[in-house]
Novice: 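Here it is, the structure in full.
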Amino acid sequence: MTMDTELRLDGNAVAGMLDEVLSVEATTVVARCGTCGEEGALGAVHAYVHCPGVVLRCPGCSAVLMRFAQIRGHLVADLHGVGRLSF
Amino acid sequence: VTSYRPAEVREVIRETPTAATLVLDVPGWPGHRAGQHLDLRLTAEDGYQAQRSYSVSSAPEDGGPAVTVERIDDGEVSPYLVDEAQRGDALEVRGPVGGWFVWNAADGGPLQLIAGGSGLAPLMSMLRHRQRSGSDAEARLLLSARRPEDVLFADELPGLGIEPVITYTRESPPGWTGYARRVDRALLEEVVFPPERGPRIFVCGPTGLVEGVAADLVALGHDPSRIRTERFGATGG
């Protein structure tokens, strides 16, 4: 197993942060990957929490779905990798 | 919005040489569902904060939440929680969080639980919930442990109304005639409810085990949409 795989978690691991950011229980929200079109619950996407900030990636094609980082005291969310969110 | 709220350690239960359960008093705790987790935040005297996510191991019926923590030796939070936390210690709790890796008694069975090491914690919440709620859902547990002293809740497992299957990957008890290898496809085929039964499957453990098991289950014909996984990887302790 590579270091990369060992550090991979799932969206469940960042449910608390997503809840605070989006004000919804986010792990059951379905995200469509803007790159490959795969759809799945945020609780099941791949989460990398050891980088500066948090990166969520598509379990199908590994493209970045969302990035979150604290920048100068503000939480910044980059959602450009998500094609659609279904609540 | 789920925000952090003050909490206190009510009781520390030593589970294994490397793990402990912390029963928490969380004023205003809204209750949880089996399989959810919570985030713990610790603040040092100098203001430094560290937060970690832990599965709730107690049943919803048990009231205040309990988390079971495995010590990661070079970790920053888990050594404190496992070795030093005491009744009355203050910390902050956010949650419960997560609605994906959850089982309610009303969901019914068959319920197939597969754990690696301390991945048993959220599955234990499900088994306790099943028992406390009087659920008649058929359930099975497969647990992979390194050695006997690493098995969490070892005294309670036999009384849950299921027959847990344990496989030891490094060291087995004397005279052991059960499984003594890593979980592989053949083992899964022998002990997991067959795909025709349409079990709800929850897999929790280290990333490698979870991904291997999930892939094997799909290869054995299980519906991917019935398999829910929780990786705890190297959580940074």
Side-chain angles (χ1 to χ4, degrees), chain A residues 1-33 36 38-62 65-66 68-70 73 75 77 85-87, chain B residues 1-5 30 32-33 35-41 49-56 72 75-76 92-102 119 121-122 182 201-212 214-215 218 224-237:
Chain A
M1 198 189 322
T2 66
M3 194 60 175
D4 203 34
T5 355
E6 181 62 31
L7 293 176
R8 178 159 69 220
L9 302 178
D10 33 36
N12 296 324
V14 293
M17 184 203 68
L18 291 173
D19 193 328
E20 200 156 322
V21 175
L22 304 172
S23 296
V24 294
E25 200 301 285
T27 60
T28 52
V29 170
V30 174
R32 177 195 279 174
C33 174
C36 75
E38 178 161 314
E39 291 199 333
L42 282 178
V45 304
H46 290 161
Y48 296 83
V49 301
H50 301 269
C51 356
V54 166
V55 178
L56 301 183
R57 288 178 179 273
C58 171
C61 73
S62 295
L65 295 171
M66 302 182 180
F68 300 91
Q70 286 284 347
L75 180 71
L85 291 173
S86 312
F87 294 82
Chain B
V1 177
T2 313
S3 303
Y4 277 99
R5 61 179 101 221
H32 69 279
R33 293 185 287 154
Q36 285 189 299
H37 50 98
L38 54 76
D39 295 343
L40 283 186
R41 183 162 74 184
Q49 292 189 322
Q51 63 187 55
R52 294 291 184 277
S53 191
Y54 294 106
S55 291
V56 178
I72 296 168
E76 175 176 79
E92 290 174 291
V93 168
R94 178 170 69 183
V97 286
W100 173 246
F101 194 84
V102 161
R182 286 172 176 274
I201 307 177
F202 293 87
V203 189
C204 184
T207 300
L209 175 138
V210 167
E211 297 192 352
V218 172
S225 71
R226 308 280 288 182
I227 304 170
R228 303 219 163 172
T229 61
E230 177 120 297
R231 302 162 173 85
F232 61 65
T235 50

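The figures here come from the full heavy-atom set of this structure, side chains too, leaving out hydrogens, waters and symmetry mates. Every chain is numbered from 1, with letters handed out A, B, ... down the list of sequences.
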Novice: Between A:A15 and B:V97, which heavy-atom pair has the shortest distance, and what is it?
Specialist: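 Closest approach of A:A15 to B:V97, heavy atoms only: CB-CB, 3.8 Å.
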
Novice: How long is the span from the CD atom in B:Q51 to the CE atom in A:M17, to the nearest 0.5 Å?
Specialist: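 Separation between the atoms: 9.5 Å.
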
Novice: Considering only heavy atoms and a distance below 4.5 Å, find which of A:A41, A:G40, A:A26 pairs most often with chain B.
Specialist: A:A41

Novice: Given a strict heavy-atom distance threshold of 4.5 Å, which part of A:A13 is in contact with chain B: side chain, backbone, both, or neither?
Specialist: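 It is the backbone, since no side chain atom gets that close.
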
Novice: Considering all heavy atoms of both residues, which atom of A:R8 and which atom of B:T207 are nearest to each other, and what is their separation?
Specialist: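 For A:R8 versus B:T207, the nearest heavy atoms are O-OG1, 2.8 Å.
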
Novice: Is it true that atom CZ of B:R41 has more than 12 heavy atoms of other residues, nucleotides or ligands lying nearer than 6.0 Å?
Specialist: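 Enclosed: over 12 neighbouring heavy atoms sit under 6.0 Å from CZ of B:R41.
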
Novice: Looking at B:T229 and A:N12, what are the two nearest heavy atoms and their distance?
Specialist: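 Residues B:T229 and A:N12, closest heavy atoms: O-ND2, 3.3 Å.
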
Novice: Please report the shortest heavy-atom distance between B:W100 and A:A44, naming the atom on each side.
Specialist: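 Heavy-atom minimum between the residues: NE1-CB, 3.6 Å.
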
Novice: Say you draw a straight line from OG1 of A:T27 to CD of B:Q36; how long is it, rounded to the nearest 0.5 Å?
Specialist: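 Nearest 0.5 Å value for the OG1-CD distance: 8.0 Å.
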
Novice: Kindly compute the distance separating CZ (B:R231) from CG (A:D10), expressed to the nearest 0.5 Å.
Specialist: 5.0 Å

